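For reference, positions follow the sequence shown, starting with 1. Predicted model only: the values in this text are computed from it and were never measured.
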Amino acid sequence: MKEITPASKPLKGEIYVPGDKSISHRAIMFGSLSKGDTRIRNFLMADDCLSTIDCFRKLGVQIDVSPDNIIVHGNGLHSLKAPTETLYTGNSGTTTRLISGILAAQSFNTRLTGDASIEKRPMKRIITPLSLMGADIKSEKDNGCAPLLINGKKLNGISYDSPVASAQVKSSILLAGLYADGITSVTEPALSRNHTELMLKGFGADITSEGLTASIKPAKELHACDINVPSDISSAAYFIAAALLVKDSELIIKNTGINPTRAGIIKAVKDMGGDIELLNIRKEGGEECADILVKYSKDKLHGITLEGDIIPTLIDEIPMIAILAAYAEGETVIKDAAELHVKECDRIAAMDSELKKIGGDITATEDGMIINGTGHLSGGDIESMNDHRIAMSFAIAALAADKNIRIENDDCITISYPDFFDTLKNIL
Ligand code: S3P
């Protein structure tokens with residue numbers, strides 16, 4: 001249990017948040033499939049990404065972890081070895097879904113599972129397209145979830161219209177496409193994060209994007225390359241919100257990824273009337289980065305409607321945005337976000353029950369939520385539902401609340417941000 005007290009002074013200075021989770025996973029995976037040494041700097045040392053390292057080690061890849069960097073000693077696209085035990089992906093949906101696309105094309109069989117949350121998350125969304133490619137992939141309990149039994153097969157390319165805007169689904173199919181006969185394309189209903197497309201190109205894959213469609217040609221080999229991971233905008237989001245909410249704050253969050261398919265939070269905050277600015281915009285290895293300057297704006301925040309194409313670009317930030325909405329004036333409507341039901345927990349249900357416990361006025365809807373901003377939250381006890389993003393969002397809510405907020409099961413922050421409370425302590 002963690003108890004957070006309201007902030008007693010402004011948050012000032014410059015901070016760094018840890019490396020991007022999505023990019024860190026992909027750097028390990030693509031490095032493992034490449035020939036040569038991939039050196040990764042600013043890798044996210046958190047449980048989810050450690051699950052990816054563990055899985056690839058069990059597939060025979062040597063991965064050296066040191067305080068400065070990670071070196072993946074890749075032996076090529078066809079070098080993975082049959083694991084001698086079940087691959088365990090922990091809490092990580094990205095590991096589970098992306099690795100399934102790779103395993104579907106190997107010359108060996110794998111059993112794959114994760115924690116209690118992973119065993120409830122939908123895997124049909126990858127089983128269906130991978131099966132169309134010729135994969136032999138089954139849900140062991142026949143419930144569309146992990147454990148998955150994947151018998152490696154020769155795959156064929158497909159042209160797939162995905163019913164969901166999901167980078168995990170898109171990436172799973174594209175990775176299978178590296179090994180398939182012919183071209184593989186995925187078309188999404190709205191553009192999801194494109195880290196796979198950007199990074200695979202850097203590793204030498206023949207991959208193109210046009211509008212909502214990404215296409216990949218089978219590869220003979222990928223080539224190792226160095227990756228500098230920018231800081232994670234999803235982790236930065238907590239400190240953006242903190243600076244907006246605590247009186248007279250002014251924070252710079254350095255070297256943060258602002259890839260347009262990820263950075264919807266910046267637009268949402270601007271639209272709510274928040275004072276946020278991007279400084280020193282630059283590109284690193286295909287990914288846009290910036291320093292984010294945020295100033296106290298609670299008195300100016302007002303409700304907005306979030307719907308349509310912006311949703312995939314801020315999907316993981318919705319719990320934090322819901323807290324901002326509670327502190328804003330007027331109504332915030334979040335629609336087209338039914339995906340929130342199938343994240344690490346049901347985030348619509350979690351925000352509905354937990355925000356009410358601390359005085360928030362929220363109504364859950366089928367595909368989102370409506371928050372009636374009252375400008376203040378009272379404090380109280382909340383349950384994280386073992387979801388890192390719920391725990392961290394409520395920790396930030398406490399900084400501007402009338403009284404303390406106690407968070408039950410806060411340990412789950414190690415999934416994406418083990419040092420979260422230390423960063424917070426340093427600026428308080
Ligand atoms: C991720 C994609 C998103 C996101 C998740 C990470 C990724 O999930 O919510 O935290 O790294 O590809 P979906 O692809 O299921 O939307």
Side-chain angles (χ1 to χ4, degrees), residues 21-22 24-26 28-33 46-63 72-156 158 160 166-180 184 196 342-345 386 412 415:
K21 182 152 82 72
S22 294
S24 295
H25 280 301
R26 286 161 172 81
I28 296 291
M29 293 184 185
F30 306 168
S32 294
L33 301 182
D47 291 353
D48 260 15
C49 299
L50 295 176
S51 293
T52 295
I53 290 185
D54 183 55
C55 287
F56 279 90
R57 281 181 172 156
K58 286 186 177 136
L59 291 165
V61 183
Q62 188 191 331
I63 301 173
V72 184
H73 302 279
N75 282 317
L77 200 56
H78 299 278
S79 67
L80 299 182
K81 307 268 184 310
T84 53
E85 55 187 300
T86 296
L87 295 186
Y88 184 71
T89 60
N91 190 246
S92 176
T94 305
T95 314
T96 310
R97 296 198 177 108
L98 270 61
I99 208 172
S100 294
I102 296 168
L103 294 171
Q106 303 305 310
S107 55
F108 52 79
N109 303 342
T110 321
R111 181 174 183 272
L112 181 74
T113 199
D115 69 6
S117 157
I118 278 294
E119 290 200 353
K120 278 193 236 135
R121 295 182 69 184
M123 294 298 150
K124 248 201 185 123
R125 52 180 58 200
I126 54 158
I127 295 176
T128 301
L130 292 174
S131 301
L132 287 171
M133 296 178 82
D136 176 359
I137 167 166
K138 282 191 187 66
S139 156
E140 194 174 82
K141 295 181 189 153
D142 206 18
N143 60 357
C145 301
L148 297 177
L149 303 171
I150 305 175
N151 296 333
K153 284 271 177 297
K154 186 86 203 96
L155 304 181
N156 49 271
I158 54 166
Y160 188 66
S166 159
Q168 293 180 0
V169 171
K170 172 173 64 178
S171 303
S172 182
I173 300 167
L174 292 172
L175 287 167
L178 277 174
Y179 295 92
T184 298
T196 294
V342 291
K343 293 296 177 187
E344 286 81 330
C345 76
N386 285 318
C412 54
I415 291 298

Indicate the atoms forming the closest heavy-atom contact of [X] with [Y], along with that distance.
| X | Y | result |
| --- | --- | --- |
| Thr95 | Asp48 | OG1-O, 3.8 Å |
| Ile99 | Leu59 | CD1-CD1, 4.0 Å |
| Met123 | Leu148 | CB-CD2, 4.1 Å |
| Ser32 | Ile63 | OG-CD1, 4.3 Å |

>> Pair Ser171, Arg97 - check side chain to side chain contact (heavy atoms under 4.5 Å, CB included), show working.
In response: CA-CA 8 Å; Ser171 303; Arg97 296 198 177 108; over 6 Å; no
> Above 12 or not: heavy atoms from other molecules or residues under 6.0 Å from NZ of Lys124?
Replying inline: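 12 or below, so no.
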> What do you reckon, is NZ of Lys58 surrounded by more than 12 foreign heavy atoms closer than 6.0 Å?
Replying inline: yes
>> How long is the straight-line distance from CG of Asn91 back to CD1 of Ile415, given to the nearest 0.5 Å?
In response: 4.0 Å
> Could you give the distance from NE2 (His78) to OG (Ser107), rounded to the nearest 0.5 Å?
Replying inline: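 It comes to 9.5 Å.
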> Between Ser166 (side chain) and Gln168 (backbone), is there a donor-acceptor pair under 3.5 Å?
Replying inline: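 Pair found, side chain donor or acceptor close to backbone of Gln168.
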>> For the backbone of Glu344 and the side chain of Ser117, can you confirm whether one donor and one acceptor N or O come within less than 3.5 Å of each other?
In response: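 Yes; at least one donor-acceptor contact below 3.5 Å.
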>> Under 3.5 Å, is there a donor on one side chain and an acceptor on the other for Thr89 and Thr96?
In response: yes
> Do Arg26 and Thr196 have side-chain atoms, one donor and one acceptor, less than 3.5 Å apart?
Replying inline: yes
> Can you find a heavy atom in the side chain of Leu155 that is under 4.5 Å from one in the side chain of Thr184?
Replying inline: no
